[in-house]
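Accompanying notes for the structure given below.
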Amino acid sequence: MEFLRTLRLAPFIMCAAAVVLTACGGQVDPGGSTEPAGSSTASADDKADSSPHASDAVDGRTFLSTSVTGHQLVDGTQVRLSFRDGSLNANAGCNSMFGAYTVEQDALRVSDLAGTQMGCDPELMAQDEWLAIFLTAGPELAVQADELRLTSGDTELVLTDREVADPDRPLQGTTWQLDSHRTSDTVAHSTGMEQATLLFDGNGRLQVQTGCNTGSATYEVSGDTLEIGALALTKMSCPQPAREIEQLIVAAIDQQTLHFTVEANRLSLEGDHEGIDLLAVATS
């Protein structure tokens with residue numbers, strides 16, 4: 001079984017001859033120009049003033065990139081920015097980045113940027129570095145309805161509110177394909193999980209395919225809580241890893257009270273106590 005563990009955070013702010021960020025004494029324009037620290041014509045008092053309307057417009061929202069000018073994203077990747085209570089979470093296809101943010105003079109100010117240290121393809125690692133530079137360079141920020149624009153020099157990143165660009169799938173009537181399971185702070189995936197599915201049919205019956213056996217259970221939905229009844233499965237003998245995956249599913253859902261969250265095409269099922277949580281993606 002392949003494990004993806006929670007990784008420690010490392011600062012994304014680096015001092016080097018070719019890459020100089022705000023924390024190192026200057027600002028880098030991702031489009032190519034460098035602005036020395038202190039060259040802005042705004043006064044210290046002006047910089048201290050924030051733009052509450054712009055801050056309110058992004059707080060509590062997640063945005064997904066829809067276009068970029070001045071930079072070519074790696075094929076199949078998308079920039080994701082989440083703003084909540086002064087904290088920014090960013091991802092460009094590899095590591096997750098975290099930092100504090102404010103909006104000052106219609107510019108996004110990001111500080112204390114750090115991130116996970118997961119090894120990815122070199123092009124994705126380079127894209128992480130590009131995004132870190134872009135976010136810490138103080139890009140101009142403009143919000144209009146569901147669209148967010150960040151501009152720095154010749155680079156403009158256009159994003160759309162996630163709930164518009166990628167709406168939440170309904171819990172019921174969607175086939176959910178098992179993606180991974182979580183215990184404590186460890187997330188794990190095993191080849192073969194993609195054969196396991198859950199379908200809440202909308203009539204109180206949960207259809208289960210474990211990748212080997214099939215079965216069903218009753219369920220009730222109340223708010224964000226699921227009450228799952230006894231799970232009845234066929235009795236075929238399952239080879240590994242299908243048998244282990246089936247055991248995980250049974251332990252996670254059989255006669256359990258679960259809290260569920262759906263974000264876009266991803267479903268998370270979490271128990272009331274320390275145990276096994278399931279993560280799944282929508283297939284239909």
Side-chain angles (χ1 to χ4, degrees), residues 1-8 60 62 80 82 84-85 89 91 96 116 118 162-163 166-284:
M1 185 170 292
E2 301 171 2
F3 289 94
L4 298 178
R5 298 187 181 278
T6 300
L7 301 171
R8 65 187 181 88
T62 295
R80 180 188 184 94
S82 297
R84 185 172 299 279
D85 298 330
N89 186 315
N91 186 280
S96 293
T116 56
M118 183 170 63
R162 197 277 305 164
E163 294 184 5
D166 194 8
D168 296 339
R169 311 305 192 264
L171 170 71
Q172 302 182 90
T174 300
T175 298
W176 298 99
Q177 177 181 291
L178 187 61
D179 178 70
S180 54
H181 77 278
R182 179 174 55 213
T183 56
S184 184
D185 61 352
T186 300
V187 177
H189 172 84
S190 179
T191 301
M193 280 186 172
E194 63 276 5
Q195 302 301 319
T197 60
L198 305 174
L199 173 62
F200 300 89
D201 68 3
N203 296 309
R205 178 66 59 176
L206 167 61
Q207 306 293 336
V208 180
Q209 166 60 260
T210 70
C212 179
N213 285 292
T214 61
S216 65
T218 59
Y219 75 91
E220 293 183 5
V221 181
S222 178
D224 64 352
T225 300
L226 279 167
E227 293 283 350
I228 309 293
L231 177 60
L233 291 172
T234 56
K235 301 297 184 181
M236 290 177 56
S237 178
C238 304
Q240 293 291 16
R243 182 167 66 251
E244 186 173 356
I245 293 170
E246 180 171 290
Q247 291 170 347
L248 290 172
I249 294 172
V250 172
I253 68 174
D254 186 29
Q255 302 182 77
Q256 296 292 319
T257 298
L258 305 173
H259 297 283
F260 73 91
T261 56
V262 176
E263 182 175 333
N265 69 334
R266 298 190 66 83
L267 168 67
S268 176
L269 297 175
E270 302 178 2
D272 283 331
H273 52 80
E274 290 189 9
I276 299 172
D277 303 331
L278 298 182
L279 305 174
V281 295
T283 61
S284 64

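From a predicted model like this one, the values you see are computed outputs, not experimental measurements. No hydrogens, no waters, no symmetry mates; every other heavy atom, side chains included, goes into these values. We're numbering straight along the sequence, starting at 1.
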Test side-chain contact (heavy atoms from CB on, under 4.5 Å) applied to Tyr219 and Leu258, step by step
CA-CA 10 Å; Tyr219 75 91; Leu258 305 173; over 6 Å; no

For residues 229-242, which residue pairs pass the side-chain hydrogen bond (donor to acceptor under 3.5 Å, both in side chains) check, not counting sequence neighbours?
Asn213-Thr234

Using a 3.5 Å distance criterion without hydrogens, assess whether the side chain of Asp166 forms a donor-acceptor pair with backbone atoms of Ala264.
no

Got a sec, which pairs hit disulfide (SG to SG under 2.5 Å) with one end in residues 218-255, sequence neighbours left out?
Cys212-Cys238

Which of these passes side chain to side chain contact (heavy atoms under 4.5 Å, CB included) with Val208: Val250, Ile249, Thr214, Asp254?
Ile249

Only counting residues at least two apart or in another chain, list the ones meeting side-chain hydrogen bond (donor to acceptor under 3.5 Å, both in side chains) with Glu163.
none

Could you name each residue pair satisfying ring-ring contact (aromatic ring centres under 6.0 Å, His included) that touches residues 236-255, not counting sequence neighbours?
none

Side-chain donor-acceptor pairs of residues 199-206 under 3.5 Å, sequence neighbours excluded:
unit_1	atom_1	unit_2	atom_2	d
Asp201	OD1	Asn203	N	2.7
Asp201	OD1	Gly204	N	3.3
Asp201	OD1	Arg205	N	3.1
Arg205	NH1	Ser216	OG	3.4

Please identify each residue that fulfils side chain to side chain contact (heavy atoms under 4.5 Å, CB included) with Ser180, with sequence neighbours left out.
Val187, His189, Leu279

At their closest point, which heavy atom of Ile276 faces which heavy atom of Ala251, and how far apart are they?
CD1-CB, 3.9 Å

Inspect the surroundings of CD in Glu194 and state if more than 12 heavy atoms from other residues, nucleotides or ligands are less than 6.0 Å away.
yes

Got a donor-acceptor contact below 3.5 angstrom from the Thr116 side chain to the Ser96 backbone?
yes

Name all residues meeting the salt bridge (charged side-chain N to carboxylate O under 4.0 Å, His left out) criterion together with Arg266; count only those two or more places apart in sequence or in a different chain, and write none if there are none.
Asp179

For the pair Leu171 and Leu267, evaluate side-chain contact (heavy atoms from CB on, under 4.5 Å) and give the outcome as yes or no after the intermediate values.
CA-CA 8 Å; Leu171 170 71; Leu267 168 67; 3.9 Å; yes

Show the numbers, then the answer: is there a side-chain contact (heavy atoms from CB on, under 4.5 Å) between Thr257 and Thr225?
CA-CA 7 Å; Thr257 298; Thr225 300; 3.7 Å; yes

Partners of Ser82 by side-chain hydrogen bond (donor to acceptor under 3.5 Å, both in side chains), sequence neighbours excluded?
Thr62

Please check if the side chain of Thr283 supplies one atom and the backbone of Thr175 the other of a donor-acceptor pair under 3.5 Å.
yes

Would you confirm whether Glu246, through its side chain, and Glu244, through its main-chain N or O, come within 3.5 Å as a donor-acceptor pair?
no

Which residues share a side-chain hydrogen bond (donor to acceptor under 3.5 Å, both in side chains) with Thr218, sequence neighbours left out:
none

Closest contact, heavy atoms only, Ile245 versus Met193
CD1-N, 3.6 Å

Atom CD1 of Ile228 and atom CG of Leu269: how far apart are they, to the nearest 0.5 Å?
7.5 Å

Which residue pairs pass the ring-ring contact (aromatic ring centres under 6.0 Å, His included) test with at least one member in residues 246-266, sequence neighbours excluded?
none

Residues in salt bridge (charged side-chain N to carboxylate O under 4.0 Å, His left out) contact with Glu270, at least two apart in sequence or another chain
Arg182

Got a sec, which residues hit side-chain hydrogen bond (donor to acceptor under 3.5 Å, both in side chains) with Gln247, two or more places apart in sequence or on another chain?
none

Where Ala217 and Ala230 come nearest, the two heavy atoms and their spacing:
CB-O, 3.4 Å

Between Gly211 and Ala242, the two heavy atoms sitting closest are O-CB, 4.4 Å

